[in-house]
Amino acid sequence: MGYDFGKIETRWQKYWSDNKVYHVDIDYNKPKFYVLDMFPYPSGSGLHVGHPLGYIASDIYARYKRLQGFNVLHPMGYDAYGLPAEQYAIQTGTHPAITTEKNIKRYREQLDKIGFSFDWDREVRTNDPNYFKWTQWTFIQLFKSWFNKNSSKAEPITELVAEFEKNGNAAINAATSQEEVFTSGEWKAMSEEEQQEILMNYRLAYISETMVNWCPALGTVLANDEVKEGLSERGSHPVERKMMKQWLLRISAYAQRLLDGLEKLEWSDSIKEIQRNWIGRSEGASVIFNIKGFEDTVEVFTTRPDTLWGATFMVMAPEHELIEKITTPEQKEKIENYVAWAKNRSERERMTEVKKVTGEFTGAYGINPLTGKEVPIWVADYVLSGYGTGAIMAVPAHDSRDFAFARHFNLPVIQVVSKEGEEPTDPSTWEESYDSKDGISINSGFITGMKTKDAIAEVIKRIEEMGIGKGTINYRLRDAIFSRQRYWGEPFPIYYKNGIPYPLDESELPLKLPDVDKFLPTEDGEPPLARAKNWKTKEGYPLETNTMPGFAGSSGYYLRYMDPHNDKEYFSREAGEYWQDVDLYLGGDEHGTGHLIYSRFWNKFLFDLGLAVKDEPYKKLINQGKIQGRSSFVYRVQGTDNYVSFGLKNQYETQKLHVDIDLVDGDVLDIEAFKKWRPEYANAQFILEDGKYYCGHEVEKMSKSKYNVQNPDDLIERYGADTLRLYEMFLGPLEQDKPWDTKGIEGVYRFLKKLWRLFFNEDDKFIVTNEKASAAELKVLHKTIKKIQHDIEQFSFNTGVSAFMICINELSDLNCHKKEILEPLSVLLSPYAPHIAEELWHTLGNEGTVNDADFPKWEEKYLRENTFTYPVSFNGKTRFKLELPVDLSKDDIKKAALEAPETQKWIEGKTIRKVIVVPKRIVNIVVG
RNA sequence: GCCCGAGUGGUGGAAUUGGUAGACACGUUGGACUUAAAAUCCAAUGACCAUUGCGGUCGUGCGGGUUCAAGUCCCGCCUCGGGUACCA
């Protein structure tokens with residue numbers, strides 16, 4: 001019989017589940033440890049081998065922490081709202097809730113088979129009313145809050161209203177889109193509607209007419225992070241820019257805190273860098289330019305106020321509100337055509353044609369506030385309406401984009417910064433602008449001769465004194481568009497009275513999705529919820545018909561796991577105080593600009609409310625790499641039914657076709673199975689090599705259409721979950737992308753069988769003894785404990801597996817069947833391979849579960865060596881080895897090395913110049 | 001374009017952070033066991049040269065450098081992967 005993984009794994013999975021071995025509660029006698037995986041979207045195709053990679057790693061860590069005496073919170077749930085289920089609903093009419101439920105069931109079955117230590121009693125699903133109640137609740141709190149820049153935190157909007165009533169808004173320092181200043185008298189005189197409109201400019205969840213990414217194919221707007229290269233992330237459909245009234249979250253208010261918070265996080269530098277770039281802080285100044293012949297002024301943002309003397313023209317974004325007003329009659333038609341053209345360009349066009357310079361002159365002139373010089377105002381789409389003020393002063397000599405524009409339209413270029421120690425040159429001879437901030441100002445009034453850094457500071461100081469501008473900081477981070485014109489998402493707890501949005505009373509939550517006849521927009525383009533009958537409040541006010549985006553439910557889910565069944569609050573104070581934050585978070589780095597920013601924002605807001613205990617949700621983050629597929633190919637000779645083996649394909653004109661990896665074993669095609677696979681292959685003929693058909697292979701994304709999806713169930717069926725767990729870890733470093741290849745799985749399977757042989761002989765006889773372990777055996781054990789512990793703490797799980805293999809190889813060589821060694825070993829192995837470890841631990845006579853054992857401690861005394869084998873090298877090249885006592889002095893080592901018989905050969909006829917001795921490392925003899 | 005990350009045998013990958021390059025595993029080859037196959041076990045396996053034996057030379061993407069010693073540090077490139085896309 002030997003190692004019967006099937007029997008073992010079902011037995012212990014049942015035991016763990018029946019005895020709620022992984023259930024956790026608050027326990028003040030133990031320190032907490034919170035290990036979290038990014039929860040999955042339950043897709044229709046189930047788990048493939050890439051999904052569990054991170055789950056296995058975090059499971060090993062969670063189990064390890066538990067063995068070390070921590071009270072480990074290790075929950076799992078589902079990000080259940082999402083587009084695929086809805087797209088499927090549109091095609092088939094099946095309600096997305098049904099599809100989702102079915103997929104979740106499948107996921108759960110697959111997850112259960114892998115033997116994770118999840119506390120399923122804490123499962124959350126974002127589409128569960130008991131869960132999304134709190135998503136909606138948080139939205140209401142956002143709606144009822146504003147961001148006070150003085151305290152740098154969210155505060156109740158009621159306090160803001162009180163201040164308006166007392167003093168108006170003049171003294172308020174808020175993150176806001178409100179520009180007009182009003183007095184308390186003016187505030188009180190306003191109608192309800194006017195007041196609500198103003199408050200909207202302060203709310204952290206607000207509705208606004210804004211430029212959005214509209215995806216016609218999906219029929220919804222998308223957030224910036226959901227658009228990749230001008231296409232939707234889901235489905236790769238074109239995206240347009242469009243003005244639309246949408247709900248937004250004022251995440252930009254938190255830009256600085258999101259930036260500062262990164263400092264103390266144990267995240268990879270790369271993902272921190274991604275977030276820093278996404279937040280995009282830049283320091284500079286806003287400067288006011290008058291417009292010749294108009295009362296209006298244009299405000300521009302620049303990071304280089306020191307180059308004001310070199311501004312030779314100005315550029316406005318095509319959306320700029322002053323364009324119409326200032327354009328001269330002669331330029332009117334050209335400008336109108338240009339603006340219309342620019343606005344109609346798709347995002348994708350804009351992006352692919354970045355190098356193409358376009359623009360048009362308005363006929364108007366701005367006046368440089370420092371020099372008094374007149375500069376032409378242009379319109380061009382290289383200036384973005386969404387950033388800064390939507391207008392710039394162009395300094396072609398020191399900005400590459402302005403330079404390209406100036407060259408194209410023959411505008412003047414004036415040098416105002418030169419490299420230290422270099423003479424100014426004629427800009428008309430330049431091939432590129434001098435953008436560096438490392439320089440000296442020239443021809444620049446009061447800053448002439450100053451270094452750029454000082455010049456910037458000086459100009460800011462002076463323009464502030466003169467009242468023509470001020471130092472400002474701009475962030476690239478945009479407010480998050482929070483509404484989707486979709487069905488399958490959280491409904492907004494919002495109703496409209498006279499067209500003004502109001503939040504539902506919290507007692508009305510959760511607001512559940514209504515039934516609709518179709519999951520499509522209405523004829524007049526309203527979102528699907530507009531199809532619902534009676535989609536209104538008790539009083540008859542219409543409810544919001546948009547739904548929330550995918551990131552709504554995933555932004556605060558880690559908090560709900562702390563107290564998932566609480567029906568009175570998001571989570572109890574006690575649970576929050578005990579579990580605090582996530583100690584270890586595992587997931588893919590593709591969430592760098594989406595979930596991981598939104599979630600931090602959400603948490604910071606809840607922290608401001610006094611709910612979240614920590615300012616940052618995820619202390620340590622590990623991004624597991626993606627597992628790529630290994631596709632197999634057959635080569636069809638053009639226009640025939642003949643298929644030629646890989647090695648011979650160059651002799652023919654061939655077509656490369658994907659073939660299901662299940663039909664291929666080690667690149668050898670199962671010809672009969674291939675013929676049966678699809679009707680068009682039934683009559684296939686083969687040109688073979690050595691009687692076999694060899695397939696070609698390539699590494700690509702794992703996907704159904706490439707027939708390279710490896711699903712874990714088949715592997716578990718064949719090798720068991722422990723083998724799968726070990727193999728996924730053995731594949732390579734956790735954080736690295738790597739191709740999936742089943743070839744090596746036999747190796748870890750053999751390892752487990754070999755381990756079994758230490759406990760049972762060929763006749764299944766238990767052969768473990770109570771004999772005293774030898775020094776050699778103890779050394780193997782303690783060396784392994786040390787290595788395993790070190791590797792788990794470093795998240796180096798691949799080297800951990802190989803340490804186990806080395807250990808078992810050595811114990812097999814030593815013929816060791818001693819309980820003294822094997823018992824701690826079974827505990828040591830249990831985080832990696834919990835089923836076999838639990839089984840073996842029980843065969844040694846233990847009761848309960850191995851999860852309650854203590855992680856073994858290694859002791860230095862067993863590791864001590866008496867000798868060290870020195871590599872002796874000459875001029876850096878190792879020539880022979882020399883075994884010497886460890887405690888030998890440097891001089892003695894040197895002496896021994898020089899006296900060694902092999903040394904003669906290498907020093908013959910040469911002089912010894914130097915001898916390097918590093919105790920317990922190396923001996924290097926330099927000759928010449 | 002800019003910002004990260006990575007390049008090591010036929011393959012996945014090790015290398016205590018400057019100290020024996022290729023651990024561990026796959027694959028391959030040869031052998032043992034077997035009527036046979038599977039499973040298992042043993043041996044070899046970076047390349048090249050020499051093989052009668054001792055052995056030798058080269059070798060971590062490329063070119064330089066620092067050092068007694070470089071996969072590891074420095075300078076300059078090349079290739080691949082990821083992020084970003086006119087952010088003033």
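Order of the sequence lines sets the chain letters (A, B, ...), proteins ahead of strands, with each chain counted from 1.
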Please measure how far the [atom1] atom in [N] lies from the corresponding atom in [M], and state the result in whole Å.
N: B/U84; M: B/U29; atom1: P; answer: 46 Å
N: B/G76; M: B/G55; atom1: C1'; answer: 39 Å
N: B/U20; M: B/A37; atom1: P; answer: 44 Å
N: B/C49; M: B/G59; atom1: C1'; answer: 14 Å
N: B/G5; M: B/U11; atom1: C1'; answer: 22 Å
N: B/C78; M: B/G61; atom1: C1'; answer: 7 Å
N: B/A21; M: B/A70; atom1: P; answer: 10 Å
N: B/U8; M: B/U60; atom1: P; answer: 11 Å

Report the distance from atom [atom1] of [X] to atom [atom2] of [N], rounded to the nearest whole Å.
X: A/D306; N: B/A88; atom1: CG; atom2: P; answer: 14 Å
X: A/D589; N: B/G82; atom1: CG; atom2: P; answer: 11 Å
X: A/H591; N: B/U84; atom1: NE2; atom2: C1'; answer: 18 Å
X: A/E319; N: B/C86; atom1: CD; atom2: P; answer: 13 Å
X: A/R281; N: B/A88; atom1: CZ; atom2: C1'; answer: 16 Å
X: A/L752; N: B/A39; atom1: CG; atom2: C1'; answer: 16 Å
X: A/N623; N: B/C4; atom1: CG; atom2: C1'; answer: 13 Å
X: A/K787; N: B/A14; atom1: NZ; atom2: P; answer: 10 Å

Exercise for review: Indicate yes or no: at least one non-hydrogen side-chain atom of A/F5 is less than 4.5 angstrom from one of A/T723.
Suggested key: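 A/F5 does not reach A/T723 side chain to side chain.
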Is it the case that [X] and [Y] place a side-chain donor and acceptor less than 3.5 Å from each other?
X: A/T867; Y: A/E883; value: yes
X: A/Y598; Y: A/D225; value: yes
X: A/K754; Y: A/N809; value: yes

Check your understanding: Among B/A88, B/C68, B/U84, which is the nearest nucleotide to the side chain of A/L384?
Key ->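 Of all the options, the side chain of A/L384 is nearest to B/A88.
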Review point. Are OP1 or OP2 of B/G12 and a side-chain N or O of A/K738 less than 4.0 angstrom apart?
Key: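 Looking at the OP1 and OP2 atoms of B/G12, neither is under 4.0 Å from any side-chain N or O of A/K738.
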**Study point:** B/A6 OP1/OP2 closer than 4.0 Å to side-chain N/O of A/Q736
**Key:**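 No.
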Point to revise | Conformer about C1'-N of B/U17 - syn within 90° of 0, anti elsewhere | key: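 It is syn.
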Practice item. Please work out whether B/G9 sits syn or anti, treating a glycosidic angle within 90° of 0 as syn. Key: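 Syn conformation here, the glycosidic angle of B/G9 being no more than 90° from 0.
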Which part of the nucleic acid, if any, lies within contact of [X], taking any heavy atom under 4.0 Å across all strands shown: a base, the sugar-phosphate backbone alone, or nothing?
X: A/L731; result: sugar-phosphate
X: A/V383; result: base
X: A/S282; result: sugar-phosphate

Expected output: side-chain [X] to main-chain [Y] donor-acceptor under 3.5 Å:
X: A/T903; Y: A/A897; result: yes
X: A/H398; Y: A/V417; result: yes
X: A/S796; Y: A/D791; result: no

Check your understanding: Which class fits the ring pair A/F409 and A/F405: parallel under 30°, tilted 30 to 60°, perpendicular over 60°?
Key ->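 It falls in the tilted class, 30° to 60°.
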Practice item. Check whether NZ of the Lys or CZ of the Arg A/K786 lies under 6.0 Å from the centre of the six-membered ring of A/W858 and within 45 degrees of that ring's axis. Key: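 Output yes; distance and angle both within limits.
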Point to revise | Sole candidate of A/W430, A/W309, A/Y434 that passes side chain to side chain contact (heavy atoms under 4.5 Å, CB included) when paired with A/Q415 | key: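 Single side chain to side chain contact (heavy atoms under 4.5 Å, CB included) partner of A/Q415 among A/W430, A/W309, A/Y434: A/W430.
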Revision key, fill the gap. Protein heavy-atom contacts under 4.0 Å, written 5' to 3' over nucleotides 16-26 of chain B as B (base), S (sugar-phosphate only) or - (none), form the string ---BBS-BBSS
Exercise for review: Nearest-nucleotide wise, let me know which of A/I925 and A/R476 is further upstream toward the 5' end of RNA chain B.
Suggested key: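 Nearer the 5' end of the strand: A/I925.
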**Study point:** Residue whose closest nucleotide on RNA chain B lies nearer the 5' end, A/D269 versus A/R879
**Key:**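 Looking at RNA chain B, the more 5' nearest nucleotide goes with A/D269.
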Check your understanding: List RNA chain B stems (3 or more consecutive Watson-Crick/G-U pairs, under 3.5 Å)?
Key ->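 Output for stems: B:1-7 with B:78-84, B:10-12 with B:24-26, B:27-32 with B:40-45, B:46-49 with B:55-58, B:61-65 with B:73-77.
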**Study point:** Residue A/D269 excluded, over 12 heavy atoms near CG under 6.0 Å
**Key:**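 No, CG of A/D269 has 12 or fewer neighbouring heavy atoms, counting only those of other groups under 6.0 Å.
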